[in-house]
Amino acid sequence: MKNINLLKNLNDKQKEVVSESRKNLLILAGAGSGKTLVLIRRIAWLIHKENCSPKSILAVTFTNKAALELKKRIKILLNNNQKNNIWIGTFHSFAYYLLRIHYLEAGLPKNFQIIDSYDQKNLIKRILKKMSLKDKIYSIKNIISYINNLKNNLYNKNIIYKNNLYNINLSKIYDEYQNFCKITEVIDFNELILCLYKLFLNNPNILKIYQKRFKNILIDEFQDTNDIQYKFISLLYNKHYDTKIVLVGDDDQSIYGWRGAKIENINHFLKDFDNVKIILLEQNYRSTSNILNAANKLISYNEIRQKKKLWTNSDNGKLISIYYALNEFDEAEYIAKYIKKYFFKKNIKLNNCAILYRNNVQSRVLEETMLKFSIPYQIYGGIHFFQRNEIKNTLAYLRLISNFNDDNSFEKIINIPKRGIGCNTLKIIKFVSEKFFLTLWQSSIYILKNKKYLNKINLNSLKKFINLIKKLKKNIIGKSLSIIIEETIKNSGLWHMYNQNCLFENNFNKINNLKEFINAANHFMNISFNDNKKNNLIDFLSKILLLTDDINVKKKNNNCDYNFVQMMTIHASKGLEFSKVFIIGMEEGIFPNKISFNEKNINEERRLAYVGITRAKKKLTLIYTKKRYLYGKEINSIPSRFLNELPENCIKKINYLKDKNIYLKNDVLKKKKYFIGQNIYHKIFGKGIILNIETLKDNKKLQIKFSNKKIRWIMSNYIQTYVIK
DNA sequence: ATAAAACGATTTTTT
DNA sequence: ATCGTTTTAT
């Protein structure tokens with residue numbers, strides 16, 4: 001083990017990063033410059049060459065996925081199977097872990113729970129209702145950014161906002177929000193980090209323990225850190241303990257400014273910390289010269305940036321194609337035909353091919369077209385697994401069981417499945433809760449005890465609900481997590497509710513998601529923070545919000561394993577690479593997005609384009625259209641300004657428009673016709689015959705008898721229905 | 001209390 | 001177009 005050469009196959013700059021001794025480092029690592037490899041080697045170097053204890057190393061990543069990858073690769077490099085005590089994780093999981101230990105000093109309840117942005121949104125809606133403020137004026141988006149801003153500025157209300165009525169109300173909403181979190185024992189994602197920051201600030205003795213321990217701090221994706229995270233790093237760093245920080249980032253790939261990330265933190269670091277050495281990793285091992293030249297030229301239109309220029313030893317490669325499509329259907333078909341031509345005929349794995357887009361809505365036509373051409377694909381993103389309604393409902397039951405005072409969850413499921421507790425009953429429960437300063441649960445108990453406020457029927461419904469929750473809670477004792485979840489889903493009536501209408505495609509998926517959730521429970525418990533193997537429900541419920549996984553991948557046309565065209569937003573593609581990349585919708589208003597038509601945001605859009613382009617290894621195709629349907633309207637497209645910012649000698653224009661006009665009239669505009677008795681084929685259910693047709697606004701609901709004799713209603717626009725010619 | 005109809009907004013998304 | 005929310009009708 002001691003013989004591994006940690007500098008093997010590295011260029012000079014990379015070697016410098018791995019072996020630089022006892023200095024604060026700022027590593028500006030361009031796309032495809034071997035950043036992760038270098039980070040891993042550096043960690044191994046610290047342990048083997050500088051005799052640092054693995055315990056002294058804190059490595060912070062932007063996502064759990066990245067953390068897992070880092071852990072895995074370090075384990076392989078260090079070639080040991082035992083736990084190595086290196087702390088690798090996100091800011092949030094680090095904060096969570098420490099706050100569970102120091103909850104008392106942090107002023108948190110022992111069983112505090114975490115709320116995600118979805119819960120946060122719901123909570124704000126409820127507060128607006130309670131305060132009778134119109135959420136059109138006080139938009140949820142503004143309120144969330146107000147809350148996050150305040151937390152980023154350590155609750156200092158005086159700094160940013162003027163004293164007008166609007167801001168006074170915002171401030172009131174904020175107080176309500178914080179108060180509500182306190183009562184129901186929950187904290188949001190930002191508060192996690194802020195709480196730990198405060199804990200350290202107010203308890204120097206605790207801070208000292210961790211300052212002494214973490215003498216090597218490495219932060220990946222530094223351009224994505226926000227204010228409070230930066231403040232936190234500064235606090236944890238103590239030069240008197242010889243702490244050394246390595247920050248790795250790329251200001252050109254900063255695409256999360258809208259979420260509060262501050263590229264300026266790179267400059268702050270240079271100013272605030274002593275003895276910082278900057279190392280540029282500019283040699284790219286991923287792309288051809290043409291692709292890199294295009295990326296460099298494009299990003300040079302951003303004026304304020306750390307000047308950095310990617311270069312490569314590889315040859316020019318193919319020219320970048322720019323295809324001018326008639327509309328989004330033509331756009332998708334061009335890609336489908338290309339894939340058929342180059343990937344199918346030559347038998348190249350489809351995983352090497354990615355289709356990237358600015359907005360998720362753009363994936364729909366792609367999806368239809370891939371199905372039409374029988375090309376297997378995977379879509380990343382869209383609605384997150386844990387934000388699906390059926391999962392959220394299950395979570396709400398589980399949370400209410402573990403904390404009766406969780407008002408958010410209480411309100412969410414009080415009438416799911418329907419049990420005759422409507423908004424009037426809820427209003428009364430709320431009224432009583434406000435009158436006596438009770439949570440919704442306590443208020444319900446009060447109402448039941450005093451038999452006041454509600455009539456007999458409603459009283460009875462409420463009693464049934466309260467008893468159900470009590471029964472569910474009793475039932476979990478001594479059982480394993482997946483059993484708890486399964487029984488909660490079944491006993492709560494959720495399973496029955498979704499299963500009842502299982503004939504509909506939607507509910508069929510929901511039941512499947514619930515099954516997946518039950519299975520996932522065990523998997524999640526295995527990913528624990530360090531050695532903490534406590535398998536209790538409370539820990540699990542917080543963890544799944546922190547340790548989100550890639551369950552939200554949608555696979556279709558699954559002919560063979562691991563062979564799908566990859567489809568995702570450009571944001572989601574960050575950190576990945578593909579031989580062949582298509583970027584679609586290169587049009588003003590779409591990319592750059594029309595909401596970003598101001599200088600600051602245009603720069604971020606440009607960085608996004610830069611990220612997209614640099615995903616490609618061998619061949620890149622950019623597509624824009626003449627016309628496009630968007631939100632039900634046809635618009636004339638204007639080519640994206642980014643297309644004009646590419647060097648002429650790297651690109652090749654393709655324009656088949658003339659031939660396409662005839663083709664379109666005959667094919668794309670023709671709508672499918674269905675009739676009773678027609679034989680069809682469905683991608684999941686197989687062969688079937690149409691029994692009944694119900695016409696809706698623009699699509700049709702088909703009742704189909706499948707070969708297994710089951711009868712289902714299927715929406716015709718679900719496309720999995722194929723007409724057999 | 002619940003179902004149907006009208007209305008309206010509409011980027012990116014991880015923790 | 002589509003999804004979520006609010007209003008209106010049963």
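Only this structure's heavy atoms are used, side chains among them; waters, hydrogens and symmetry mates stay out. Here is how names work: the chains are called A, B, and so on, in the same order as the sequence lines, proteins then strands, and each is numbered from 1.
Residues that satisfy the ring pair (Phe, Tyr, Trp, His ring centres under 6.0 Å) test with A:Y177, not counting sequence neighbours, are absent from this structure. Residues forming a salt bridge (Lys or Arg N to Asp or Glu O under 4.0 Å) with A:R628 (at least two apart in sequence, or on another chain): A:E331, A:E587. Residues that satisfy the ring pair (Phe, Tyr, Trp, His ring centres under 6.0 Å) test with A:F112, not counting sequence neighbours, are absent from this structure. For A:N148, the side chain to side chain contact (heavy atoms under 4.5 Å, CB included) criterion is met by A:Q120, A:I144, A:N190, not counting sequence neighbours. Residues forming a ring pair (Phe, Tyr, Trp, His ring centres under 6.0 Å) with A:F200 (at least two apart in sequence, or on another chain): A:Y210, A:F232. Evaluation of the salt bridge (Lys or Arg N to Asp or Glu O under 4.0 Å) rule for A:E185 yields no partner, not counting sequence neighbours. Residues satisfying the side chain to side chain contact (heavy atoms under 4.5 Å, CB included) criterion with A:N513, sequence neighbours excluded, are A:F385, A:R388, A:E390, A:I391, A:E516. Applying the ring pair (Phe, Tyr, Trp, His ring centres under 6.0 Å) criterion to A:F180, with sequence neighbours excluded, gives no partner residue.
For C:dT5, one of the phosphate oxygens OP1 or OP2 lies less than 4.0 angstrom from a side-chain nitrogen or oxygen of A:K125. Under 4.0 angstrom from either OP1 or OP2 of B:dT11 there lies no side-chain N or O belonging to A:T569. Put simply, A:N360 has a side-chain N or O that comes within less than 4.0 Å of OP1 or OP2 on B:dT13. Contact annotation: A:N190 does not reach the phosphate of B:dT15 (side-chain N/O to OP1 or OP2, under 4.0 Å).
For OH of A:Y118, the number of neighbouring non-hydrogen atoms (other residues, nucleotides, ligands) closer than 6.0 Å is greater than 12.
Look at CD1 on A:I124: it is 14 Å from P on C:dT5, rounded to the nearest Å. Taking atom CD1 of A:I590 as the reference point, atom P of B:dT10 lies 16 Å away to the nearest angstrom. Rounded to whole angstrom, the span from the NZ atom of A:K543 across to the P atom of B:dT15 amounts to 15 Å. For the pair A:E368 CD and C:dT2 P, the interatomic distance rounds to 9 Å; values are reported in whole Å. Computed from coordinates, the A:R628 CZ to B:dT10 C1' distance equals 15 Å when rounded to whole Å. Residue A:I140 contributes atom CD1, which lies 17 Å from atom C1' of B:dT11 at whole-angstrom precision. Following rounding to the nearest Å, A:R259 (CZ) and B:dT12 (P) show an atom-to-atom distance of 13 Å. Note: OH (A:Y380) to P (B:dT14) measures 13 Å, nearest angstrom.
Within 4.0 Å (heavy atoms only), A:F91 reaches no atom of the nucleic acid at all. A:K141 comes within 4.0 angstrom of a nucleotide base, judged by non-hydrogen atoms across all strands.
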Paired and unpaired positions of DNA chain B as dot-bracket, Watson-Crick or G-U wobble under 3.5 Å, | denoting a partner strand: ||||||||||.....
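For the atom pair CD1 (A:I414) and NZ (A:K412), the distance works out to 13.5 Å, reported to the nearest 0.5 Å.
The backbone N or O of A:G89 lies less than 3.5 Å from no partner atom in the side chain of A:S93, so there is not a single donor-acceptor pair.
Note on residues 416-426 of chain A: pairs passing side-chain hydrogen bond (donor to acceptor under 3.5 Å, both in side chains), not counting sequence neighbours, are A:Y397-A:R419.
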Below 3.5 Å between N/O atoms, which protein atoms pair up with nucleotides 7-10 of chain C? Just atom names and distances, please.
none

Look for any protein N or O under 3.5 Å of an N or O in nucleotides 1-3 of chain B and output each such pair with its distance, or none.
| unit_1 | atom_1 | unit_2 | atom_2 | d |
| --- | --- | --- | --- | --- |
| B:dA1 | OP2 | A:G422 | N | 3.0 |
| B:dT2 | OP2 | A:N415 | ND2 | 3.4 |

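Here the nucleotide nearest the side chain of A:R364, chosen from B:dT15, B:dT11, C:dC3, is C:dC3. Proximity note for A:N359 (side chain, C-beta onward) versus B:dT13, B:dT14, B:dT11: the nearest is B:dT11.
Between A:D250 and A:K35 no salt bridge is recorded (no basic side-chain N to carboxylate O distance below 4.0 Å).
Checked by distance alone, A:S117 brings a side-chain donor or acceptor within 3.5 Å of a matching partner on the base of B:dT15.
Mapping A:Y631 and A:D116 onto DNA chain B by nearest heavy atom places A:Y631 closer to the 5' end of the strand.
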